[in-house]
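What follows is one structure encoded as C-alpha cells, with my remarks underneath.
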Amino acid sequence: MDVLTLGPAGTYTHRAARAVADDEDISFTESKTDIVEAVASGEYDRGVVPVENSTEGSVTESLDAFANYEVAVVKELITPIRHALLAQGSEFDTVASHPQALAQCRDYLNENYPSATLEAVASTARGVERAREDASVAAIAHPATADNGTSLSVLAADIQDESSNATRFLVVSPADERNEAGSKTSFVVYPNVDYPGLLLEMLEPFADRDINLTRVESRPSGERLGDYVFHIDVAAGLYEERTQAALADIEAIAEDGWVKRLGSYDSETVLE
C-alpha cells in the first residue's frame with residue numbers, strides 16, 4: 001500500500017502514517033492539498049493529513065482539500081504531541097519549527113528564551129534540518145528525532161504548554177472506498193443559500209435524533225463573500241437509520257448546493 005503524507009521524514013504526520021504503512025511504503029510531500037489530490041487521482045492508495053490540533057484548532061488547508069477533491073475518510077488517528085527542544089549545544093539564537101509547534105510552546109519559549117528569534121518553517125522536520133546544519137539554530141520537534149542519526153541533543157522535553165496537546169489526523173483513500181461502517185462520520189455541506197436560521201436548520205436534524213456533533217466548521221466557498229461550506233463530524237455511522245434520516249434532511253436543505261459524504265470510520269490513538 002503506497003501512502004503519501006507530510007514530509008520530510010520525522011514529522012508528526014509521518015509518525016501517524018506509520019500506523020497505516022511501513023516506512024518503505026511511505027512517500028512525502030510538503031502540501032496537504034497535494035496529498036488529497038494524489039489520493040483522489042489514484043496515484044496513491046492512502047494519504048494521511050492533519051485536520052485538527054487540540055490547542056491551535058483546525059488545519060484549514062486540509063478541510064478545503066476535502067471540499068475540492070473526491071476522497072473517502074477511512075480512519076481517524078489521534079496522536080498526543082510531545083515537543084522537545086533540540087540543538088547541537090546550549091547556545092543558540094534562533095528556534096525553528098512549524099508555526100503550530102512554535103505556538104504550542106509559546107509560554108515555554110517566552111519564559112526560557114525570550115530573546116530568541118522564532119523562525120517558522122514548513123514542518124517540524126524542516127526545523128530539525130535547520131538545527132542540524134546550523135549550531136545557532138534550535139528546533140522544536142519530537143524528542144526521538146534527536147536519535148535519528150543527527151548531531152542534535154534534547155535540551156528539554158515535553159515543552160508544550162498544554163499537557164493534553166494532541167493532533168487529529170484523517171486517513172484518506174480513493175472515493176470508491178467510502179464506507180458506511182464506523183463510529184464517526186464526516187461530511188461536507190454547501191447549501192448555496194443564505195437566510196436567517198440556516199445553520200440552526202442544519203443542526204436540528206441531528207439534535208432531534210440524539211446524534212452528537214463532534215465538530216462543525218465553516219470555510220469560505222470561494223464563490224462569493226459571505227458564502228460558506230460547512231464541515232460536519234458526527235458520532236454516528238452512516239449505517240445507522242438515524243444518520244441516514246438526518247442526512248436526508250440536510251440534503252433537502254442543500255438542494256441548491258451539494259452534500260459530500262466522506263464516509264464512516266473508527267478512531268485509533270497512536271502513541272509515539
- Task: Evaluate the criterion salt bridge (Lys or Arg N to Asp or Glu O under 4.0 Å) for residue pair R261 and E251; output intermediate values, then yes/no.
- Result: CA-CA 11 Å; R261 304 183 183 202; E251 288 169 340; 3.1 Å; yes
Problem set entry | Donor-acceptor under 3.5 Å (R242 side chain, D210 main chain) | yes
Item to complete: Verify the neighbour count for atom CG of D256: are there more than 12 heavy atoms of other residues, nucleotides or ligands below 6.0 Å?
Response: yes
Check whether the side chains of N165 and Q104 place a donor and an acceptor atom closer than 3.5 Å, and report yes or no. yes
Short N-O contact, K75 and D266, less than 4.0 angstrom = no
Please report, to 0.1 Å, the donor-acceptor pairs under 3.5 Å made by any side chain of residues 227-237, with sequence neighbours excluded.
| residue | atom | partner | partner atom | Å |
| --- | --- | --- | --- | --- |
| D227 | OD1 | R224 | NH2 | 3.4 |
| D227 | OD2 | Y190 | OH | 2.5 |
| D227 | OD2 | S221 | OG | 2.7 |
| H231 | NE2 | L63 | O | 3.4 |
| D233 | OD1 | S186 | OG | 2.6 |
| D233 | OD2 | R168 | NH1 | 3.0 |
| D233 | OD2 | R168 | NH2 | 2.9 |
| D233 | OD2 | R215 | NE | 3.1 |
| D233 | OD2 | R215 | NH2 | 3.2 |

Distance-only side-chain donor-acceptor flag, S58 / E217, under 3.5 Å: yes
Worksheet item: Taking atom types as modelled and ignoring hydrogens, do the side chains of E61 and T33 form a donor-acceptor contact shorter than 3.5 angstrom?
Response: yes
Looking at Q244, I'd like to know if its CD atom is crowded, meaning that more than 12 non-hydrogen atoms belonging to other residues, nucleotides or ligands lie closer than 6.0 Å. yes
> Is there a donor-acceptor contact under 3.5 Å from the side chain of E70 to the main chain of A175?
Replying inline: no
Review point. How about S264 and T185: does a side-chain donor come under 3.5 Å of a side-chain acceptor?
Key: yes
**Report entry** Electrostatic pair E177:R46 at N-O distance under 4.0 angstrom
**Finding:** yes
All heavy atoms of R82 vs all of D158, minimum pair found to be NE-OD1, 3.2 Å
Whether the side chain of S97 engages the backbone of I140 through a donor-acceptor N/O pair (distance < 3.5 Å, no angle test) should be reported. yes
Query raised in the report: Is it true that R209 and D249 have a side-chain N and a carboxylate O under 4.0 angstrom from each other?
Result: yes
In terms of relative ring orientation, are H14 and F28 parallel, tilted or perpendicular, with 30° and 60° separating the classes? perpendicular
**Message:** Between D23 and R18, does any side-chain N to carboxylate O distance fall below 4.0 Å?
**Reply:** yes
Test side-chain contact (heavy atoms from CB on, under 4.5 Å) on I250 and V189 and set out the steps. CA-CA 8 Å; I250 297 298; V189 182; 3.8 Å; yes
